[in-house]
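Residue indices begin at 1 and follow the sequence shown.
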Amino acid sequence: MRTVAVLFCVLSSLALYAAETSLGVFVGEERVGAAKLKQTRAADGGVISQIELRMNAGGSEVTVLQINEYAADGTPRRKYSKQTSAAGVEVRVVTFRGATATLIIEKGGSTTTRSFSAPAGAEIRARSELWFRTIQPKAGDTETYYRFELNTMTWQKTVVKYEGKKALHVGGKEMSCHVVSVNEMKSYLDDEGLPVRIEVGPMVMVREG
């Protein structure tokens with residue numbers, strides 16, 4: 001289940017354009033799951049990303065659907081997750097009012113609501129979520145902000161750096177990718193900001209098709 005938790009955080013980023021891709025999920029040489037990711041830009045310049053992840057964990061399948069919505073300046077609007085496993089279904093929805101995240105959890109027929117305030121003076125705008133879509137960063141650009149993580153129910157300090165472009169071989173062909181590091185994760189993105197490859201610890205996600 002740790003693998004699912006890590007990926008849940010990772011695949012923690014609709015009118016004008018839509019782009020989507022599929023990724024295989026590997027731990028070492030073993031293929032342990034697949035993910036579908038769709039990103040859409042709203043008419044007001046905001047961004048909505050949708051991720052559906054299917055994993056084999058402990059001999060049973062786990063499915064996670066996560067949707068993140070950001071305003072045109074990177075301010076978080078809403079996060080939604082639905083996790084289905086042998087243990088049942090759990091839905092988490094968080095909405096943001098200023099620097100306060102209000103989380104609703106539905107599980108086993110019961111509902112709980114909790115609020116979490118970001119650290120005093122913290123920057124919560126995730127402008128890097130708009131990189132390669134409405135913002136074109138320059139190599140070396142770095143952004144630091146606090147992101148509310150649905151899985152841990154905490155505000156996490158997040159450091160994002162654009163390292164520039166690098167050639168990557170995928171599916172027998174060479175692609176020029178944007179390299180972005182987020183804390184301990186490294187992503188290789190196309191010009192639309194969609195992942196071609198994601199590396200985090202022993203896990204690798206690679207574009208398929």
Please examine the side chains of V91 and Y80, heavy atoms only from C-beta on, and report whether any two atoms are closer than 4.5 Å. yes
State plainly whether the residues R54 and E52 are in salt-bridge range, i.e. N to O under 4.0 Å. yes
Measure across V196 and D190 and return the closest heavy-atom pair with its distance rounded to 0.1 Å. CG2-N, 4.0 Å
Worked check of side chain to side chain contact (heavy atoms under 4.5 Å, CB included) between R197 and V170: CA-CA 9 Å; R197 180 183 176 91; V170 179; 5.6 Å; no
Close side-chain approach of T102 and R97, heavy atoms under 4.5 Å: no
Parallel under 30°, tilted from 30 to 60°, perpendicular over 60°: which one fits the rings of Y162 and H178? tilted
Straight-line distance of T111 OG1 to I104 CD1, nearest 0.5 Å: 8.0 Å
With V25, which of M205, E30, R31 fulfils side chain to side chain contact (heavy atoms under 4.5 Å, CB included)? M205
Treating Ile, Leu, Val, Met, Phe, Trp and Tyr as nodes and any side-chain heavy-atom pair under 4.5 angstrom as an edge, say whether I135 and V160 lie in one connected cluster. yes
Short side-chain to backbone donor-acceptor contact, N56 and E61, under 3.5 Å: no
With a 4.5 Å heavy-atom cut-off, do M55 and L53 have their side chains touching? yes
Are M153 and I105 side-chain neighbours, meaning at least one heavy-atom pair lies under 4.5 Å? yes
State, yes or no, whether a side-chain contact exists between V94 and F116 at a heavy-atom distance under 4.5 Å. no
Between P195 and T21, the two heavy atoms sitting closest are O-CG2, 4.0 Å
Just verifying a value: how many Å separate D141 CG and Q136 CD, rounded to the nearest 0.5 Å? 11.0 Å
Kindly check if the number of other-residue, nucleotide or ligand heavy atoms within 6.0 Å of NZ (K165) is above 12? yes
About how many Å separate OG1 of T158 and CZ of R147, when rounded to the nearest 0.5 Å? 4.0 Å
Does the side chain to side chain contact (heavy atoms under 4.5 Å, CB included) test come out yes or no for C177 and K166, once each step is laid out? CA-CA 5 Å; C177 298; K166 180 179 180 179; 5.8 Å; no
Point-to-point distance, once rounded to the nearest 0.5 Å, from NZ of K79 to OG of S49: 9.0 Å
How close do A126 and Y70 get, counting heavy atoms only, and between which atoms? CB-CE2, 3.8 Å
Is it true that M203 and L189 fall in one hydrophobic cluster, defined by side-chain heavy atoms closer than 4.5 Å? yes
Applying salt bridge (charged side-chain N to carboxylate O under 4.0 Å, His left out) between E69 and each of R41, R78, R77, report the one that passes. R78
Linking I/L/V/M/F/W/Y whenever any side-chain heavy atoms sit under 4.5 Å apart, do L103 and I124 land together? yes
Minimum heavy-atom distance E143-S128, with the two atoms named: OE1-OG, 2.7 Å
With rounding to the nearest 0.5 Å, note down the distance linking OH in Y145 to OG1 in T75. 12.0 Å
Side-chain heavy-atom pair E129, N68 within 4.5 angstrom cut-off: no
Same cluster or not: Y188 versus V200, using hydrophobic residues (I, L, V, M, F, W, Y) connected whenever any side-chain heavy atoms lie under 4.5 Å apart? no
Hey, does the side chain of S85 reach the backbone of Q83 with a donor-acceptor pair shorter than 3.5 angstrom? no
If you draw a 6.0 Å radius around CD in E184, do more than 12 non-hydrogen atoms from other residues or ligands fall strictly inside? no
Identify the heavy atoms of L130 and G74 that sit nearest to each other, and give their distance. CD1-N, 3.7 Å
Going only through I, L, V, M, F, W and Y residues with side-chain contacts under 4.5 Å, is there a path from M185 to V32? yes
For a salt bridge (charged side-chain N to carboxylate O under 4.0 Å, His left out) check, start with the C-alpha distance between E163 and K161, then their side-chain angles and the critical distance, and finish with the verdict. CA-CA 6 Å; E163 299 181 5; K161 182 178 180 180; 6.0 Å; no
Return the minimal non-hydrogen interatomic distance between S117 and T100, and the atom names on each side. OG-OG1, 3.7 Å
Do the side chains of F148 and P76 get nearer than 4.5 Å, heavy atoms only? no
To the nearest 0.5 Å, what is the distance between CD (Q50) and CD (E20)? 9.0 Å
